[in-house]
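Side chains included, hydrogens not; waters and symmetry mates left out as well; all remaining heavy atoms used. Residue numbering restarts at 1 for every chain, and letters A, B, ... go by the order of the sequence lines.
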There are 2 protein chains.
Amino acid sequence: MRVKYFDHIASNPLLPEVLEAMMPYFKEQYGNPMSMYDLGMNAKGAIDTAREQVAKLINAKPSEIIFTSSGAESNNFALKGMALARQDNGKHLIISKAEHHSVMNTARSLEKQGFVVTYVPVDEYGMVDPETVKKSITKETTVISIIHASSEVGTIEPIKEIAAIAMEHKICFHTDAVATAGNIPVDVKDLGVDALSMSAHQFYGPKGAAAMYLKTGQRILPLIYGGIQEGGRRAGTENVPAIAGMGKAAELADAELPKRMAHVRQLRDRLTEGILKIEKVHATGHPEHRLPGLASFVVEYIEGEGMLLLLLAKGIYAASGSACTSKALKASPVLISMGVPVSMAHGSIVFSLGIGNTQEDIDLCVEEFPQIVNRLRAMSPFAKEGWGAMPAEGDSKEGA
Amino acid sequence: MRVKYFDHIASNPLLPEVLEAMMPYFKEQYGNPMSMYDLGMNAKGAIDTAREQVAKLINAKPSEIIFTSSGAESNNFALKGMALARQDNGKHLIISKAEHHSVMNTARSLEKQGFVVTYVPVDEYGMVDPETVKKSITKETTVISIIHASSEVGTIEPIKEIAAIAMEHKICFHTDAVATAGNIPVDVKDLGVDALSMSAHQFYGPKGAAAMYLKTGQRILPLIYGGIQEGGRRAGTENVPAIAGMGKAAELADAELPKRMAHVRQLRDRLTEGILKIEKVHATGHPEHRLPGLASFVVEYIEGEGMLLLLLAKGIYAASGSACTSKALKASPVLISMGVPVSMAHGSIVFSLGIGNTQEDIDLCVEEFPQIVNRLRAMSPFAKEGWGAMPAEGDSKEGA
């Protein structure tokens, strides 16, 4: 059975051209980039090229790109590194309630070190209000970090407006652009951000390569201390093949972005239209300001896990909530923060489309999904008796 | 010209069998290991297998292996994570003066957070005296970290003795085994360590995959917060292909260790014998307790860089000092801590041998190297006038 992979937000397949760009560094070019001989300099050259390619994708200077091993590392590095470098100026941070776990849990770890964190709310569409960010600023605020787009509901946040507010107050601004960089236009100058996280496997590059953009002149403390790699900002022998692959993937994304976006947007709209014909199914996230390839819903009365299993039986790969917690099977904190009741949040289903998906994939999904929902609802006590069938304490326990 | 690669301590070539084990995860098995469908579970399965393979290599339990992206990350994670998790018990750490930069600079960053660090000296062979470690222990000591073997002089430290002292005082003990794991027998139970760092590209595995052994029950704070990967101890989408490759490399190292050690030891002894025939060349590090594949010297009156360049012209790849600072061209702090004068430390040359090296490689090196030394000495003012030709302040400035 042909795989209908609709979980690109969890990970993308690697493009053959990207793998090809990586191969020399798994074979004859095995040198350490810090070594002064040709084997080392060739490896260093591959990193330099990738740095230019990644910089171009987001309109940064090559010297503003720091390679890391994952989007999570970039987020930890940005938030912790900028906050700790400025702790003499203040210990107040602002993030949103729609952040990825790697930002959320880094903020929590900083709270344990004496920082105060304001978690600004999101509206029913998962959108942060720049005015709320502005009102949360205190004299102690040093860093604001707001996600560019949620991987769970697809909402694209008003980063440009928030970055302008941060700049006006001389506060560092970071955005987690893991879901956007390489998938929609991301221009660090236009956005006006001081730091930005991105990850290669979100745009058909390899796992194990990611980057942080850090604006020239911005201070940061390293997360990983050691040798002088990455300008002394991130130690450790460079993952040369993966970095070379990230560069190639960035180059391809840069060249094909409009085409890729048009492709997934058209498929997504077709999928959304089909799925919303089912009763008591609600689209989540913002209807317009959203990732072009992401269709997200809550389906009343049934649970994400059941839908995923029955979809799989049809060769359809989707997700329910974030990949980083999918095994925890908790209701998505992002949906909860949008005001979706816990019971309903369990019925989350996310389809994230990619360049390999076809009209036929979508038509099959639109055909099969209503039957899957019906089959699961036929087994659900809630579908017959409404939400009243759920024990009252269930919600409060899990929401805690 | 055939490459005579004698810089395995900087990075190893990847074994073809290792690359083969990685390939499925660059191709059809592109799922995120956190996803619940087959593509995710297959990726997760690859990580589980690798965890068993790596655990077996060092006689640990699979659950005691945490995958990271580099030896530097493992060292940062171990030292910072264990020290911060115990800071209510005390803020005193002990490391040696022969540590890798990733331990040294992490310790320095902890000093800025209010920790006190004792840097125990090494003797003329680069060896730490367990008694000195014992005497450095205070009621505030929570973590001791001593390198297993130096990548610059090859000396293998008395880890078992030091670990026993740490255990007796209920202090956590970590060792940086990046240069040893996969190259000599490393048994965490026999050594008695609580934590240990290792890196795949040091034993013919890929760059971008490394691990930390953490003994069951040992507390640690994450370096990278986020999702629940690696048991919640290290967030970020796993670098599945590199981890699979590390597992395969560990399996091969485990099976071939005696053979590999005998091969490089014999070559190293032949090389050492040949090189020590040159006048005013001194072997560095311990003559017996040393890495089997590492031959290290200081050559009086000339500089490492010149030797490297002339060796390269003969197709011979060697190093001078640690790869992580080779571009900084500073005298090696490890040699300085062993009492080698700064002027002489600049004449450091390190040959690290691997399984692909041959008798012919060694013979060529033994034949060419004396001529290279003679040629450089013919240009050196010191060779004619002795060390008196060097400005007196040169030493003190650089040694600071």
Side-chain angles (χ1 to χ4, degrees), chain A residues 3 5 7 10-14 19 22 26-27 30-32 34-37 39-40 69-73 75-76 100-102 105-106 108-109 199 201 206-209 221-229 235-242 305 308 312 317 319 322-328, chain B residues 3 5 7 10-14 19 22 26-27 30-32 34-37 39-40 69-73 75-76 100-102 105-106 108-109 199 201 206-209 221-229 235-242 305 308 312 317 319 322-328:
Chain A
V3 166
Y5 186 71
D7 198 12
S11 200
N12 283 194
L14 197 63
L19 181 55
M22 298 167 69
F26 285 127
K27 294 183 170 173
Y30 53 81
N32 187 315
M34 302 296 283
S35 299
M36 288 192 305
Y37 41 70
L39 280 175
S69 68
S70 68
E73 184 189 331
N75 281 336
N76 275 255
H100 184 261
H101 293 85
S102 52
N105 292 342
T106 300
R108 288 192 181 130
S109 80
S199 176
H201 78 113
K207 296 178 180 71
L221 288 187
L223 186 68
I224 302 178
Y225 290 87
I228 59 172
Q229 292 93 348
T237 296
E238 300 91 336
N239 187 351
V240 184
E305 199 183 3
L308 294 185
L312 262 188
Y317 291 66
S322 152
C324 298
T325 47
S326 63
K327 285 198 177 155
Chain B
V3 166
Y5 188 70
D7 198 12
S11 199
N12 282 193
L14 198 63
L19 182 55
M22 297 168 69
F26 286 128
K27 294 185 168 171
Y30 54 80
N32 187 314
M34 301 297 282
S35 300
M36 288 190 305
Y37 41 69
L39 279 175
S69 67
S70 68
E73 183 188 332
N75 280 337
N76 275 255
H100 185 261
H101 294 84
S102 52
N105 292 342
T106 300
R108 288 190 182 131
S109 80
S199 176
H201 78 112
K207 296 178 179 71
L221 288 187
L223 186 67
I224 302 178
Y225 289 88
I228 57 171
Q229 292 93 349
T237 297
E238 300 90 337
N239 188 352
V240 184
E305 200 182 3
L308 294 184
L312 262 187
Y317 292 65
S322 152
C324 298
T325 46
S326 62
K327 284 196 177 156

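In this structure, A:D7 and B:S35 have side chains that are in contact, with non-hydrogen atoms separated by less than 4.5 Å. A 4.5 Å side-chain heavy-atom check between A:I224 and B:L223 finds at least one atom pair inside the cut-off.
Under the ring pair (Phe, Tyr, Trp, His ring centres under 6.0 Å) criterion, B:Y225 pairs with no residue, sequence neighbours left out. Scanning for side chain to side chain donor-acceptor pair (under 3.5 Å) contacts around B:T106 gives B:N76, with sequence neighbours left out.
Of the inter-residue distances, the one linking B:H101 atom NE2 with A:Q229 atom CD reads 10.0 Å to the nearest 0.5 angstrom. Here the CG-CD1 distance, from B:N105 to A:I228, works out to 11.0 Å after rounding to the nearest 0.5 Å. Considering CZ of A:F26 and CG of B:L19, their distance stands at 6.5 Å, rounded to 0.5 Å. Atoms NE2 and CG, on B:H201 and A:N239 in that order, are 10.0 Å from each other to the nearest 0.5 Å. Here the straight-line distance linking atom OG of B:S11 with atom CE of A:M34 works out to 12.5 Å at 0.5 Å rounding.
A donor-acceptor pair under 3.5 Å links the side-chain atoms of A:K207 to the main chain of B:Y30, judged by distance alone. Looking at B:K27, its side chain never comes within 3.5 Å of a backbone N or O of A:L14 through a donor-acceptor pair.
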Show your working on side-chain contact (heavy atoms from CB on, under 4.5 Å) between B:Y317 and A:L39 and close with a plain yes or no.
-> CA-CA 9 Å; B:Y317 292 65; A:L39 280 175; 3.9 Å; yes
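Closest non-hydrogen pair, A:S69 versus B:E73, comes out as OG-OE1, 4.3 Å. Between B:S70 and A:A235 the shortest heavy-atom distance is OG-O, 4.5 Å.
Per-residue counts of heavy-atom pairs under 4.5 Å with chain A were compared for B:P206, B:A72, B:P241; the largest is that of B:A72. In terms of non-hydrogen atom pairs under 4.5 Å with chain A, the most contact-rich of B:S102, B:P13, B:G236, B:G208 is B:P13.
Interface residue B:N12: only backbone heavy atoms are found under 4.5 Å from chain A.
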